[in-house]
Amino acid sequence: MSENTEITAEMRRHSAAHLMARAVQNVFEDVQVDIGPATDEGFYYDFDLPHRLTPDDFPKIEAEIARLIALDEPFVRKVVSREECAKMLEGQHYKLERLADIPEGEDISTYTVGDYVEMCRGPHVEHSSQIGVVKLTRLAGSYYRGDENNKMLQRIYGIIAKDQAEMDAIVARAEEARKRDHRRLGVELDLFHLDPEDPGQIFWHPKGWSIYVALQDYMRQKLVKDGYQEVNTPALMPRSLWERSGHWEHYKANMFITESEKRIFAVKPMNCPGALEIFKSRLRSYKDLPLRLAEFGHCARNEPSGTLHGIMRVRGFVQDDAHIICTEDQIEEEVAKFCRLLKDVYKDFGFDKNLLVKLSTMPDDHVGDEATWQHAEAALAKACNASGMEYVIQPGEGAFYGPKLEFTLIDALGRAWQCGTIQLDYQLPSAERLNAEYIGPDGQKHHPVMLHRAVLGSLERFIGILIEHYAGAFPLWLAPEQVRVLPVSVKANAYAEKIQGELLKVGLRAGVDLTAEKLGAKIRAATMEKIPYQVVVGPRDEANGTISVRSRTDGDLGAMSCADFIAKLEAEVAAKKQG
RNA sequence: GCCACUUUAGCUCAGUAGGUAGAGCACAUCCUUGGUAAGGAUGAGGUCGUCGGUUCGAUUCCGAUAGGUGGCUCCA
């Protein structure tokens with residue numbers, strides 16, 4: 001029996017939450033507790049108390065938790081009747097409401113540690129000492145039951161570790177994430193800035209835009225090879241179109257709306273209506289399908305201010321968007337084709353391992369009949385299997401117009417980011433919406449199906465992820481400045497400029513440092529800017545017709561000819577070498 | 001949008017128990033002409049987010065407002 005009671009991290013986190021709840025009640029007056037689950041990272045607990053918590057309160061709560069852990073009391077589970085439980089929870093009105101939620105007939109259990117009882121499903125550790133070390137990390141507001149109409153409770157987040165050494169390592173990793181923060185690196189590396197007067201809009205500086213263009217060019221090549229055609233549609237489109245597409249009804253609150261000569265226009269929040277307008281611009285045959293229209297269209301969404309975050313969540317952005325207009329029979333192959341493309345692209349960033357795929361199925365609130373939905377969901381599932389991807393089902397999480405696949409990548413710090421997506425849409429091309437039609441082999445008109453898809457998601461967000469993934473040290477093919485030539489003194493400036501010219505001529509992004517600094521200072525500056533290659537040149541090189549190469553990853557590579565260096569870099573760019 | 005916190009030089013941050021402010025880095029000028037991670041000197045740079053209140057006097061206290069941060073909600 002005992003071999004089955006393995007103590008998991010989740011049990012330890014959840015148990016830590018209980019002890020924190022107990023500690024908060026010991027330290028403060030009039031504490032109402034709500035719930036406190038384990039999370040992937042740690043745990044949290046929601047409280048309602050008159051004292052306004054601040055991080056200054058953490059040490060005394062942590063000390064109390066440490067004291068409770070040291071008591072090493074057992075967690076005792078007990079199945080109780082509803083009445084008994086209600087009696088135990090007397091005065092705790094959130095808990096009593098939660099108790100009322102438990103369906104009749106289901107077991108109600110409590111866990112007791114020392115003098116503290118809590119209604120809880122468990123499971124928990126056997127003894128409090130099994131929890132380890134607890135650290136409180138941050139405070140946040142959180143609506144009771146996640147409903148913004150309810151009272152805002154005070155949430156405390158915490159993390160656990162086996163011992164202090166592990167806790168130190170966790171704190172160090174958090175520090176590493178802080179150092180890699182794209183908002184910090186974006187300023188340090190002079191990639192972009194955000195203007196407080198224009199929230200959620202990005203000003204791309206030359207270096208940041210260089211990355212952006214490199215990424216976009218890369219995607220263009222991939223798209224062309226995969227049978228897409230690139231289009232561009234207006235940023236500003238009329239209200240009448242948005243009414244037909246359904247956005248006016250469903251998405252108006254998030255749209256920037258403007259007026260000209262008494263007509264209302266909206267800045268597009270999505271590209272899909274534009275793609276369908278192109279499809280509809282002439283009579284289409286089934287022979288035109290599938291029609292794959294890609295668009296790097298700039299979209300604007302009036303996201304609530306509280307959701308904005310650096311360049312990851314903005315109000316103006318560009319997706320590597322495309323719309324595949326096809327027949328129902330073509331869905332499976334098109335989805336499989338997309339899955340292959342996505343894997344191929346992610347590999348070039350080192351994201352091909354640990355890819356998570358989620359299949360979101362029919363929600364309660366949906367359009368279309370169930371048979372069509374089942375067919376569509378089966379097509380997505382088969383396409384995943386065909387491309388060797390495992391997926392988990394998210395029941396009822398699909399859009400109201402169709403099911404979708406979502407792809408989550410894992411970055412260098414082990415963090416998950418949902419980027420790629422492919423969504424089936426029966427609604428937008430339908431007669432009720434934009435009424436897209438093609439002539440089938442039977443000579444009759446039919447409505448096509450539309451697939452909305454993006455590999456990277458928004459380019460802005462993806463670059464934000466890349467900045468943190470690479471810690472600002474972009475691989476050669478993406479680096480804004482791939483090479484910097486460093487003359488050892490001003491006497492070598494002319495030769496340095498000549499070398500820079502050679503590099504520029506073959507399309508490498510090369511800079512030159514002509515300042516009057518010493519070589520050590522120039523190397524330091526280039527190193528801080530995370531430039532992949534530094535080329536040192538002085539009288540010795542000039543006499544030999546060579547250059548001295550220093551690599552960001554491999555240090556001093558010694559002297560070589562400029563031609564050999566160019567060949568080396570071109571090979572590295574072609575291979576999309578990481579790091 | 002909601003809750004909490006926050007806003008001082010381009011960046012990172014001190015500071016003023018109310019008497020209009022400092023450091024490091026970056027920047028400018030001059031000296032130094034140097035072969036693999038910071039040469040030196042001098043200087044410039046801020047209505048202390050904005051508006052209002054209290055006060056003889058506010059960057060400091062109070063209120064409002066805007067931005068940011070962390071959550072929540074949202075993410076067609």
Side-chain angles (χ1 to χ4, degrees), chain A residues 39 44 46 48 52-56 137-157 178 181 183-184 186-190 193-200 242 245-255 268-273 299 301-310 312-315 317 398-402 404 406 418 421 423 425 427-428 452 457-458 461 486-493 515-529 534-542 548-552 555-559:
Chain A
T39 65
Y44 66 82
D46 289 344
D48 189 6
R52 187 195 286 162
L53 294 166
T54 73
D56 291 340
T137 51
R138 55 174 174 263
L139 281 169
S142 128
Y143 300 112
Y144 176 54
R145 292 176 188 277
D147 184 335
E148 62 180 315
N149 298 312
N150 287 342
K151 182 164 185 180
M152 178 75 68
L153 307 179
Q154 302 190 67
R155 174 174 296 179
I156 305 177
Y157 284 87
R178 196 184 66 80
D181 191 314
R183 294 165 298 182
R184 164 186 290 259
V187 173
E188 279 177 11
L189 300 175
D190 197 20
H193 83 267
L194 297 154
D195 179 359
E197 287 190 7
D198 198 8
W242 299 117
S245 72
H247 288 87
W248 198 260
E249 187 186 344
H250 293 285
Y251 205 63
K252 189 179 170 205
N254 282 303
M255 289 161 70
K268 66 176 170 185
M270 290 166 222
N271 300 307
C272 31
C299 294
R301 296 183 188 173
N302 195 4
E303 302 285 358
S305 56
T307 65
L308 302 178
H309 178 83
M312 300 273 207
R313 185 78 186 268
V314 289
R315 286 180 175 156
F317 59 92
F400 76 90
Y401 51 76
K404 62 183 174 186
E406 289 174 329
Q418 197 240 296
T421 181
Q423 310 191 2
D425 188 353
Q427 184 66 3
L428 204 58
H452 308 251
S458 113
R461 180 163 176 273
L486 312 177
V488 300
S489 82
V490 293
K491 286 175 190 147
N493 278 4
T515 60
E517 293 297 334
K518 288 174 70 171
L519 180 61
K522 292 181 186 180
I523 287 173
R524 180 179 154 81
T527 305
M528 301 291 276
E529 292 178 51
Q534 300 170 20
V535 165
V536 175
V537 292
R540 209 156 66 210
D541 295 289
E542 190 166 5
S548 300
V549 178
R550 187 185 161 96
S551 148
R552 184 178 64 196
D556 194 345
L557 301 182

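For the numbers below, each heavy atom of this structure counts, side chains included, while hydrogens, waters and symmetry mates do not.
For A/Tyr401, the ring-ring contact (aromatic ring centres under 6.0 Å, His included) criterion is met by A/His452, not counting sequence neighbours. Residues forming a side-chain hydrogen bond (donor to acceptor under 3.5 Å, both in side chains) with A/Ser489 (at least two apart in sequence, or on another chain): none. Residues satisfying the side-chain contact (heavy atoms from CB on, under 4.5 Å) criterion with A/Ala492, sequence neighbours excluded, are A/Pro487. Partners of A/Arg184 by side-chain contact (heavy atoms from CB on, under 4.5 Å), not counting sequence neighbours, listed by chain and number: A/Arg178, A/Asp181, A/Glu188. With sequence neighbours left out, A/Asp190 forms a side-chain contact (heavy atoms from CB on, under 4.5 Å) with A/His205. Every residue two or more places apart in sequence or in another chain that forms a salt bridge (charged side-chain N to carboxylate O under 4.0 Å, His left out) with A/Arg313 is listed here: A/Glu303. Not a single salt bridge (charged side-chain N to carboxylate O under 4.0 Å, His left out) links A/Glu542 to another residue, sequence neighbours left out. Residues meeting the ring-ring contact (aromatic ring centres under 6.0 Å, His included) test with A/Tyr157, sequence neighbours left out: A/Tyr44. For A/Thr421, the side-chain contact (heavy atoms from CB on, under 4.5 Å) partners at least two apart in sequence or on another chain are A/Glu406, A/Gln418, A/Gln423.
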**Study point:** Base-contact (B) and sugar-phosphate-only (S) positions in nucleotides 33-43 of chain B, heavy-atom cut-off under 4.0 Å, - elsewhere
**Key:** BBBBBBB----
Shorter than 3.5 Å, N or O on both sides, protein versus nucleotides 24-30 of chain B: list them out with atom names.
none

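Looking at heavy-atom distances under 4.0 Å, A/Leu308 makes contact with sugar-phosphate atoms alone, never a base.
Helical stems of RNA chain B (runs of at least 3 Watson-Crick or G-U pairs, donor-acceptor distances under 3.5 Å) are listed by first residue: B:1-7 with B:66-72, B:10-13 with B:22-25, B:27-31 with B:39-43, B:49-53 with B:61-65.
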